[in-house]
Amino acid sequence: MEKDNGQPYEISYLIEVVKEQFYRILRSNPAKWNIAKEEILRWESGKLTIRNMLKSCGYGDENARAFVQSYMREFVQKYGGINATTIENAIPFENPPAMEFRVRFLILLMLREREVGKQAISSLIEQYGWNKPRYDSEEEQYEITKQDVDQAFYKEYQGLSYEEKLAVLVQRIYETYLGYGMIDRVLTMSLDGVSAGVSKDEKTIWIFYRGTTIHMPCLSFESEKEMIRVCRNLYRYGNQGQLSQEKGYITGSRKDGSRVVVMRPSFSESWAFFVRKFDTAKQLRLRDILKRDRRSELEVLLKWITKGCQVTGITGQQGSGKTTLLMAMIEMIPCAYTIRVQELTFELQLRERYPDRNILSLKETESISGQEALDLLKKTDGVVTILGEVATHPVASWLIQVSQTASLFTMFTHHAKTTKDLIEGLRNALLKEGGFQNERVALEQVVSSIRFDIHMAKTREGERYVERITEIIPNDSEKNGYELHDLILWEQGEYKRKWELSKEVRTQILKQLTLQEKQQFLLDMGVLYGN
């Protein structure tokens with residue numbers, strides 16, 4: 001079988017072979033065959049399964065990937081002429097320098113994946129120091145070059161069996177035909193995020209790893225056409241609508257819970273995408289996050305703030321670890337408490353991390369407003385309300401609502417730089433969306449609702465840490481109507497205690513604790529504050 005697109009055994013040729021075989025199956029009409037009705041029904045059912053799996057590949061569905069690749073393996077061997085000898089004509093496995101670079105990278109990733117699974121790229125980054133800064137004209141740069149990857153590849157590559165070679169070949173075909181091109185395997189790894197279209201060479205890849213953004217100029221989409229195809233595939237899950245010149249961006253999620261933003265000209269200067277993953281966050285426990293000195297004191301305060309049912313905001317810039325900390329703190333919410341989550345997209349995926357907890361998440365849709373969803377949450381016996389991200393005036397207004405009436409307590413994330421910014425931002429939201437006319441009254445609603453601000457920060461090297469824990473204390477005698485007490489503050493390279501928990505908050509916390517917890521809380525307060 002010879003195709004016009006490429007020579008026999010070439011990747012382009014094999015892609016056409018695979019396309020044609022799927023086409024033949026899906027266009028077949030078993031009713032014309034001289035077979036029993038039961039056989040016809042089975043064939044039609046199989047066609048429907050294949051059609052659905054081909055569609056699901058665009059959603060990032062790993063089960064669909066495995067299913068479709070199993071057919072591809074059969075097609076390239078049966079109809080593409082691939083065997084233990086001819087496979088070298090497709091990819092020169094026995095002559096690594098002659099391979100495409102993307103294939104060497106793919107092999108390196110798959111070899112490490114055999115050992116550590118989804119931690120493969122993390123393992124390589126840590127082993128080879130790819131997350132360390134490099135200096136060019138005294139400027140810090142974080143990048144993984146072709147030389148870096150090849151150095152690791154030639155150190156680890158010892159040849160492959162035929163089955164392993166076939167797996168690489170099928171993956172190479174899959175990522176170009178149905179997958180996400182150069183980032184197809186990268187997106188399955190445990191990372192914080194992947195993006196492209198954000199530098200002069202618009203087709204190169206950037207990854208976000210534990211707070212550090214790392215450029216991978218060694219990985220680049222083959223063409224703008226491939227880049228556009230991948231961008232369009234990324235937002236397909238959930239029927240987010242169509243990206244057009246009139247609608248220059250789309251936000252959504254992938255099936256694995258990743259948050260997706262895709263943009264196109266003329267809204268943006270180039271096609272671009274941002275995939276924000278939360279795999280690392282789902283794996284970390286509180287002690288893994290709090291790596292600075294006096295970690296135990298931070299942990300004690302966070303523990304009792306959460307067990308004591310205090311309305312708490314986690315603030316900080318993008319990528320500072322807000323979502324990671326929020327996920328970890330949920331572990332300290334008493335198991336008897338039901339949890340209700342409102343998000344813009346389903347990215348926290350709390351059921352996966354806490355499968356035995358009573359958790360339900362809702363999000364706004366085209367036909368159901370966020371306010372409607374919030375009103376419905378009030379009717380679902382929720383004890384704790386989580387707002388994934390308070391980023392707009394309406395959501396900020398909802399926050400004050402739920403903090404006052406809908407549940408025992410609320411936790412949320414926000415991008416405020418300071419606690420004053422947080423308070424004023426929420427006040428302004430009430431003035432705009434909550435029907436308030438008087439600034440002072442709106443401010444009083446905010447400071448009576450929010451009790452703590454846990455502010456996250458990160459160093460230039462990407463280390464994320466709790467910068468401060470601030471208690472918000474209503475006080476009418478103050479000009480602003482409130483006081484701010486930093487309980488613990490990162491200062492000059494160490495954590496320093498500044499203020500004690502207020503007596504009012506201690507009393508509120510004690511009301512929510514069991515007898516045993518009360519004894520431990522009083523003991524911990526005595527250790528922290530000597531009283």
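Remark: S195 OG to I183 CD1 distance equals 9.0 Å, nearest 0.5 Å. The structure places CD1 of I472 at 11.5 Å from CD of Q310, a figure rounded to the nearest 0.5 Å. Atoms OG1 and CG, from T204 and L219 in turn, are 9.0 Å apart once rounded to the nearest 0.5 Å. Distance check: L376 CG to I368 CD1 gives 8.0 Å after rounding to the nearest 0.5 Å. With rounding to the nearest 0.5 Å, the separation of NZ in K432 from CZ in R427 is 14.5 Å. One finds the CH2 atom of W304 at 9.0 Å from the CG atom of L510 (value rounded to the nearest 0.5 Å).
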> Checking side-chain contact (heavy atoms from CB on, under 4.5 Å) for the pair V384/T410: CA distance, chi angles, key distance, verdict?
Replying inline: CA-CA 6 Å; V384 183; T410 305; over 6 Å; no
> So E62 and K118, salt bridge (charged side-chain N to carboxylate O under 4.0 Å, His left out) or not? Walk me through it.
Replying inline: CA-CA 12 Å; E62 294 202 36; K118 301 306 180 186; 3.1 Å; yes
>> Applying side-chain hydrogen bond (donor to acceptor under 3.5 Å, both in side chains) to E424 and N428, what does each step give before you reach the verdict?
In response: CA-CA 6 Å; E424 292 181 353; N428 294 341; over 6 Å; no
>> Is there a side-chain contact (heavy atoms from CB on, under 4.5 Å) between T459 and Y465? Walk through the geometry before answering.
In response: CA-CA 8 Å; T459 66; Y465 61 98; 3.9 Å; yes
>> One pair to check against side-chain contact (heavy atoms from CB on, under 4.5 Å): V390 and L426. What are the steps and the verdict?
In response: CA-CA 9 Å; V390 178; L426 296 176; 4.3 Å; yes
>> Run the side-chain contact (heavy atoms from CB on, under 4.5 Å) test on E471 and L501 for me, step by step, so that the C-alpha distance in whole Å, both residues' side-chain angles and the decisive distance to 0.1 Å come before the verdict.
In response: CA-CA 8 Å; E471 182 181 349; L501 279 172; 4.0 Å; yes
> Do E467 and Y495 pass the side-chain hydrogen bond (donor to acceptor under 3.5 Å, both in side chains) test, and can you show the C-alpha distance, the side-chain angles, and the key distance before you say yes or no?
Replying inline: CA-CA 8 Å; E467 185 178 63; Y495 279 110; over 6 Å; no
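In this structure, R497 does not pair ionically with E491, as no charged nitrogen and carboxylate oxygen lie closer than 4.0 Å. Between E113 and R185 there is a salt bridge, with a side-chain nitrogen of the basic residue lying less than 4.0 Å from a carboxylate oxygen of the acidic one.
Here the side chains of V116 and R112 are in contact, with some heavy-atom distance below 4.5 Å. A heavy-atom distance below 4.5 Å is not found between the side chains of H415 and Q317. By the 4.5 Å heavy-atom criterion applied to side chains, V505 and I305 are not counted as neighbours. Residues R276 and D192 form a side-chain contact, since some pair of their non-hydrogen atoms from C-beta on lies under 4.5 Å apart. Between I205 and V186 the shortest side-chain heavy-atom distance does not fall below 4.5 Å. Contact annotation: the side chain of D201 never approaches that of P217 to less than 4.5 Å [non-hydrogen atoms, C-beta and beyond]. L513 places none of its side-chain heavy atoms less than 4.5 Å from the side chain of Q519. A 4.5 Å side-chain heavy-atom check between T145 and D150 finds every atom pair outside the cut-off.
No more than 12 heavy atoms of other residues, nucleotides or ligands shown are found within 6.0 angstrom of CD on E269. Counting non-hydrogen atoms of neighbouring residues, nucleotides and ligands closer than 6.0 angstrom, the NZ atom of K518 exceeds 12 such neighbours. Annotation: Q151, atom CD; neighbour count of heavy atoms from other residues, nucleotides and ligands within 6.0 Å does not exceed 12. Surrounding NZ of K132 are at most 12 heavy atoms belonging to other residues, nucleotides or ligands under 6.0 Å away.
Y354 places a side-chain N or O within donor-acceptor distance of the main-chain N or O of E331, the cut-off being under 3.5 Å. Without hydrogens or angle criteria, T312 side chain to F452 main chain gives no donor-acceptor distance under 3.5 Å. The main-chain N or O of M332 is never found under 3.5 Å from a side-chain atom of K303 such that the two would form a donor-acceptor pair. Not one N or O on the side chain of S258 forms a donor-acceptor pair closer than 3.5 Å with the backbone of R254. Judged by distance alone, the side chain of Y482 and the main-chain N or O of K420 form no donor-acceptor pair under 3.5 Å. Of the possible donor and acceptor atoms, none in the side chain of K146 sits under 3.5 Å from a partner among the backbone N and O of C218. Side-chain N or O atoms of S449 include one that pairs as donor or acceptor with a backbone N or O of Q445 at under 3.5 Å. Looking only at distances, no side-chain donor or acceptor of S199 sits under 3.5 Å from a matching main-chain atom of E202. Without hydrogens or angle criteria, T338 side chain to V383 main chain gives a donor-acceptor distance under 3.5 Å.
Classified by interplanar angle (parallel below 30°, tilted 30° to 60°, perpendicular above 60°), the ring pair H215/W206 is parallel. Taking the six-membered ring where the residue is Trp, F273 and F221 present perpendicular rings, their angle passing 60° and hence far from 30°. Aromatic ring pairs are classed by plane angle as parallel below 30°, tilted from 30° to 60° and perpendicular above 60°; the pair W130 and Y128 is parallel.
For Q171 and E175, the side-chain atoms include at least one donor-acceptor pair closer than 3.5 Å. When only modelled atom types and interatomic distance are considered, Q119 and S190 share a side-chain donor-acceptor pair under 3.5 Å. For the residue pair S123/E115, the side-chain donor-acceptor check at 3.5 Å is not satisfied. Residues T315 and H414 bring no donor and acceptor atom of their side chains to less than 3.5 Å of each other.
Residues meeting the side chain to side chain donor-acceptor pair (under 3.5 Å) test with T470, sequence neighbours left out: R468, D486. Listed by chain and number, the residues in a side chain to side chain donor-acceptor pair (under 3.5 Å) with N233 are R236 (sequence neighbours excluded). In this structure, the salt bridge (charged side-chain N to carboxylate O under 4.0 Å, His left out) partners of D381, at least two apart in sequence or on a different chain, are R340.
The two residues R440 and D476 have their closest heavy-atom pair at NH2-O, 3.8 Å. Across all their heavy atoms, V230 and G181 have their closest contact at CG2-N, 4.0 Å. Closest heavy-atom contact between I125 and I207: CD1-CD1, 3.9 Å. In this structure, R506 and F521 approach most closely via the heavy-atom pair O-CE2, 4.1 Å. Taking both residues in full, the closest heavy atoms of L443 and N480 are given as CD2-O, 2.8 Å, listed atom of the first, atom of the second, then distance. Between R464 and G321, the shortest heavy-atom distance links the atoms CD-N, 3.6 Å.
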